[in-house]
Peer 1: 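Here it is, the structure, as structure tokens.
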Amino acid sequence: MKTIQGNLIGSGLRFAIAVSRFNELITGRLLDGAVDVLTRHDVRHQDIEIYWTPGAWELPLIVKELALSGKYDAIVAVGAVIQGDTPHFDYVCAEASKGLSHVSLEQRVPVGFGVLTCSNLEQALVRAGSKAGNKGADAALAALETANLLREARKTTKGEDN
Ligand code: INI
């Protein structure tokens, strides 16, 4: 039996973080969590690039462009969609999540999903560095682990490890 896992060693890896300005009170904290977790796992500051989008809706397009550049080992998408009085929330959530998933699969680049989809501001605050941790940090850590796992999977599938 062979078990393959991605490690959490970030040295030498390059990351982009796409973060939406909408609900910046929340997204700024998610961004801080993502940068903090990456640098604590030895990703160098100069290997992290941050792109601000207007809202979560715009995240997939920018993440796609970043993925196509081939410059990054992984990308972290950070946003906060908070329910209002209209169905707008549902459209933004659905397209952001679907779009980010498509980019990751089509471009074969890990995309950490750090987009909160909350019923109210309090739920978002709880997930942006308080009681429920920091979902930006969680997404960055998952992206790091997946980047390293992908590297291992590519070695194995190319027969380098046999
Ligand atoms: N964008 C968000 O990131 N979060 C939200 O909660 C939100 N709401 O509720 O409207 C939101 N809307 C803006 C959207 O992402 C686009 O930027 C906008 O529609 C322009 O294309």
Side-chain angles (χ1 to χ4, degrees), residues 6 8 10 13-41 43-150:
L8 296 175
L13 297 185
R14 293 156 310 164
F15 285 78
I17 304 175
V19 50
S20 62
R21 197 173 294 109
F22 208 104
N23 293 320
E24 193 177 339
L25 171 71
I26 303 296
T27 62
R29 295 179 185 192
L30 297 173
L31 172 64
D32 291 346
V35 171
D36 178 62
V37 93
L38 293 178
T39 53
R40 280 193 294 113
H41 287 84
V43 180
R44 298 180 310 173
H45 274 101
Q46 61 262 43
D47 289 332
I48 303 174
E49 291 178 358
I50 297 165
Y51 292 79
W52 284 92
T53 68
W57 178 271
E58 286 77 21
L59 285 171
L61 172 63
I62 298 306
V63 169
K64 181 165 187 174
E65 199 61 30
L66 298 174
L68 279 167
S69 75
K71 275 180 66 180
Y72 307 104
D73 295 288
I75 301 167
V76 187
V78 167
V81 196
I82 301 177
Q83 202 151 20
D85 297 331
T86 71
H88 189 74
F89 167 90
D90 301 304
Y91 292 100
V92 176
C93 290
E95 296 314 312
S97 54
K98 238 189 296 164
L100 292 169
S101 162
H102 281 168
V103 173
S104 182
L105 293 174
E106 281 167 13
Q107 305 305 321
R108 299 159 71 203
V109 174
V111 176
F113 186 64
V115 180
L116 297 181
T117 55
C118 297
S119 302
N120 53 52
L121 183 62
E122 193 192 342
Q123 279 186 359
L125 282 167
V126 164
R127 290 160 179 78
S130 51
K131 268 189 193 159
N134 185 312
K135 300 299 174 192
D138 294 351
L141 201 59
L144 169 58
E145 181 174 344
T146 308
N148 285 323
L149 180 60
L150 197 57

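Read the numbers this way: they start at 1 and go in the same order the structure lists the ligands and their atoms.
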Peer 1: Partners of E24 by salt bridge (Lys or Arg N to Asp or Glu O under 4.0 Å), sequence neighbours excluded?
Peer 2: none
Peer 1: Would you name the heavy atoms of A74 and A143 that are closest together and state the gap between them?
Peer 2: CB-O, 3.8 Å
Peer 1: Pairs under 3.5 angstrom only: tabulate donor-acceptor contacts from the side chains of residues 101-117 to other protein residues two or more places apart or in another chain.
Peer 2:
unit_1, atom_1, unit_2, atom_2, d
S104, OG, V109, O, 2.8

Peer 1: Can a salt bridge be assigned to the pair D32 and R29 using a cut-off of 4.0 Å between side-chain N and carboxylate O?
Peer 2: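 No, D32 and R29 are not salt-bridged.
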Peer 1: Could you tell me if the side chain of I82 sits less than 4.5 Å from the side chain of L121, heavy atoms only?
Peer 2: yes
Peer 1: Please tabulate protein-ligand N/O pairs under 3.5 Å for ligand 1, atom names and distances to 0.1 Å.
Peer 2:
unit_1, atom_1, unit_2, atom_2, d
ligand 1, 3 (O), A56, N, 2.8
ligand 1, 4 (N), A80, O, 2.8
ligand 1, 6 (O), N23, ND2, 3.3
ligand 1, 6 (O), I82, N, 3.0
ligand 1, 10 (O), H88, NE2, 3.3
ligand 1, 15 (O), A56, N, 3.3
ligand 1, 15 (O), W57, N, 3.1
ligand 1, 17 (O), E58, OE1, 2.7
ligand 1, 17 (O), E58, OE2, 3.3
ligand 1, 21 (O), E58, OE2, 2.5

Peer 1: Just distance, no hydrogens or angles: give the donor-acceptor pairs under 3.5 Å from side chains in residues 57-68, sequence neighbours left out.
Peer 2:
unit_1, atom_1, unit_2, atom_2, d
E58, OE1, G55, N, 3.0

